[in-house]
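Structure, as structure tokens:
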Protein chains: 2
Amino acid sequence: MQSVPDARTDERLPIYQRLKDALAERIQDGAWKPGDAIPAESDLAAEFGVALGTMRKAIEGLVVQGLLERRQGRGTFVRRADLGNTLFRFFRHTGKGGRPLAPTQRLVARRTGPAGRAAAAALGLAPEDPVLWLKRLRLVDDEPLVIDEIALPLPRFEKLATVPAADFDELLYPLYERVLGVTIARATDRIAFARATAAVARPLAIATGDPVVVIERTAFGHDGEPLEWRRSHGPAERFSYDVEIR
Amino acid sequence: MQSVPDARTDERLPIYQRLKDALAERIQDGAWKPGDAIPAESDLAAEFGVALGTMRKAIEGLVVQGLLERRQGRGTFVRRADLGNTLFRFFRHTGKGGRPLAPTQRLVARRTGPAGRAAAAALGLAPEDPVLWLKRLRLVDDEPLVIDEIALPLPRFEKLATVPAADFDELLYPLYERVLGVTIARATDRIAFARATAAVARPLAIATGDPVVVIERTAFGHDGEPLEWRRSHGPAERFSYDVEIR
DNA sequence: CAGTGGTCTAGACCACTCT
DNA sequence: GAGTGGTCTAGACCACTGA
């Protein structure tokens, strides 16, 4: 049987490609952690036995991919993915009278249960596989704006089932990293509109049947593995999103 | 009085930056037109008196910006911006039974009138400045899906006022290029939600007050000048949009 | 086959950051 | 001042395309 060519050693690939894969692997493996500085370009070039320019091209590629971040005169660092905040990405920030916004969040429910069809498809599980379900309400200036249902594959996220509810005050992705060492690198959102069900309308303090935005997100790790699925609902009138094309 | 440093000659900028600006200018000026091949990298390097690698870096930048397109072994070409199709970018393509979709479009109205507040702000005009207004209905499988109101600054788009209505069968950006030599390079969309007014509901064959998506687009030329503003409405239930983050 | 972009090298000097 | 990334050069060879 023919051995499958490894991305790092497949000689048909350009050197800089193989370097990219080798460096990316160090990040995935956690040898280099988010926030860390990686060795100097010249050191890396020497270590891999390539010209400086070739190593630069490899690093440049990872910078474009958002894995690394260069800081002139200081070094090259493993980037901490900033996937923004659904609240501010997708909703109008009605900063009335220039007052600073006060976004807060509250864990409404936490339970273990079957993934169901949508979450299972996104996470690569069977619908009956158990996941940790979180329900979270996000408010701005004490006004409910978004309700999230979040599915996290078990056993990987088991520890989150016992973390004190108060810890869910913070953003979730940093929490995953702190508690579980799980890093979210990338996510896909799908935006659509629907009518509010009773379960969604109540926490949002709107009427059943009112128009809502539905944002379904799948979040992935550096290795491309799906780690989290969530479905968020918010009042449609508050929704606003900007897209830049080309 | 100090002369303002030209992007192409400001010596504080890296050479490759100045090269980028010089090449971009040739595209803006129409010296190199969309679809054209530009001279070989080696020729350009010689012409500008720089090393090949430096010219490559400049070209690479324009490729990333979407101005140029490389084709291995053939040459480097001026890219024809493909701003996609609002229909397929933002709405579910319900290809029932695998039948190919039949998207069509119809010019519903064409008139000259004041820009009004929204269009004027986007186009950098005064609200009372005259623009050419187009109203266009877009259908898929003979079912109305999107109604567009399009504002085009006037004197520049004057010729479009007399072009036969049948020509509006095609996509607008290629039409602008063919009839006026105007190239759209970039656009910004803002997506929001509203209730259908009577004017919007009638052509879409929905009820007044039904939920609709509103997509406001400003389109720009290579020089960053706003060239077109449009507001599109479509039924909210048919809307679907995917966003990839980082 | 000639001409194009794609990869790679080995060196030089500059600009920035920190101590 | 030492160490980092940023720019630039001048050359070599490879891989692909089209006539």
Side-chain angles (χ1 to χ4, degrees), chain A residues 5 7-24 26-27 32-80, chain B residues 5 7-24 26-27 32-80:
Chain A
R8 277 185 338 290
T9 51
D10 183 354
E11 291 196 4
R12 295 167 305 183
L13 262 44
I15 296 178
Y16 75 89
Q17 263 298 346
R18 287 177 272 164
L19 290 173
K20 267 182 62 176
D21 293 328
L23 300 184
R26 296 202 179 172
I27 296 170
W32 296 335
K33 295 194 193 311
D36 281 3
I38 72 172
E41 298 178 338
S42 50
D43 291 353
L44 285 171
E47 179 191 337
F48 284 91
V50 299
L52 186 60
T54 305
M55 182 52 76
R56 275 186 67 79
K57 180 154 188 179
I59 292 175
E60 188 58 37
L62 293 176
V63 168
V64 169
Q65 283 182 27
L67 240 59
L68 294 175
E69 189 175 5
R70 309 180 107 129
R71 292 181 220 165
Q72 158 80 286
R74 298 193 51 204
T76 303
F77 298 78
V78 179
R79 188 155 169 283
R80 198 179 298 279
Chain B
R8 276 185 338 289
T9 51
D10 183 354
E11 291 196 2
R12 295 167 306 186
L13 262 44
I15 295 179
Y16 74 88
Q17 262 298 347
R18 288 177 269 163
L19 290 173
K20 268 182 61 176
D21 293 326
L23 301 184
R26 296 201 179 174
I27 296 170
W32 296 336
K33 295 195 190 314
D36 282 1
I38 71 173
E41 299 178 338
S42 50
D43 291 354
L44 284 172
E47 178 191 338
F48 285 90
V50 299
L52 186 61
T54 306
M55 181 54 74
R56 275 187 66 80
K57 181 153 188 181
I59 292 175
E60 189 58 37
L62 293 176
V63 168
V64 169
Q65 283 182 28
L67 241 60
L68 294 176
E69 189 175 4
R70 309 180 106 131
R71 292 183 218 162
Q72 158 81 285
R74 299 195 49 204
T76 303
F77 298 78
V78 179
R79 189 156 166 282
R80 200 178 296 280

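These values consider heavy atoms only, across backbone and side chains, with no hydrogens, waters or symmetry-generated copies. Lettering follows sequence order; numbering is per chain, from 1.
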Sort me out a list of protein N/O and nucleotides 3-6 of chain C N/O pairs below 3.5 Å, or just none if empty.
unit_1 : atom_1 : unit_2 : atom_2 : d
C:dG3  : N2     : B:G73  : O      : 3.0
C:dG5  : OP1    : B:T76  : N      : 3.4
C:dG5  : OP1    : B:T76  : OG1    : 3.1
C:dG5  : OP2    : B:E41  : N      : 2.9
C:dG6  : OP2    : B:R56  : NH1    : 3.4
C:dG6  : OP2    : B:R56  : NH2    : 3.3
C:dG6  : OP2    : B:R70  : NE     : 2.7

ask   = Which part of the nucleic acid, if any, lies within contact of B:I15, taking any heavy atom under 4.0 Å across all strands shown: a base, the sugar-phosphate backbone alone, or nothing?
value = sugar-phosphate
Next on the checklist: With a 4.0 Å cutoff (strictly under), does any side-chain N or O of B:T54 reach OP1 or OP2 of D:dC8?
Outcome noted: no
Considering only heavy atoms from C-beta outward, does the side chain of [X] approach that of [Y] to under 4.5 Å?
{"X": "B:E41", "Y": "B:L44", "value": "no"}
{"X": "A:R26", "Y": "A:V78", "value": "no"}
{"X": "A:I27", "Y": "A:I38", "value": "no"}
{"X": "A:I15", "Y": "A:F48", "value": "no"}

Next on the checklist: Between B:R70 and B:E60, does any NZ, NE, NH1 or NH2 come within less than 4.0 Å of an OD or OE carboxylate oxygen?
Outcome noted: yes
Spacing between [X] atom [atom1] and [N] atom [atom2], to the nearest angstrom:
{"X": "A:F77", "N": "D:dT4", "atom1": "CZ", "atom2": "P", "answer": "11 Å"}
{"X": "A:F48", "N": "C:dT9", "atom1": "CZ", "atom2": "C1'", "answer": "18 Å"}
{"X": "A:I59", "N": "D:dT4", "atom1": "CD1", "atom2": "C1'", "answer": "11 Å"}
{"X": "A:K20", "N": "C:dC8", "atom1": "NZ", "atom2": "C1'", "answer": "17 Å"}
{"X": "A:R18", "N": "C:dC8", "atom1": "CZ", "atom2": "P", "answer": "7 Å"}

side-chain contact (heavy atoms from CB on, under 4.5 Å) filter on A:K20, not counting sequence neighbours, yields A:Q17, A:A58, A:L62, A:Q65
Minimal heavy-atom distance between B:M55 and B:L19, with the atoms involved, is CE-CD2, 3.9 Å
On a heavy-atom basis, the closest approach of A:L52 and A:A45 is CA-CB, 4.0 Å
Taking five pairs at each terminus, the helix from C:dC1-D:dG18 to C:dC18-D:dG1 shows an axis bend, to 10°, of 20°
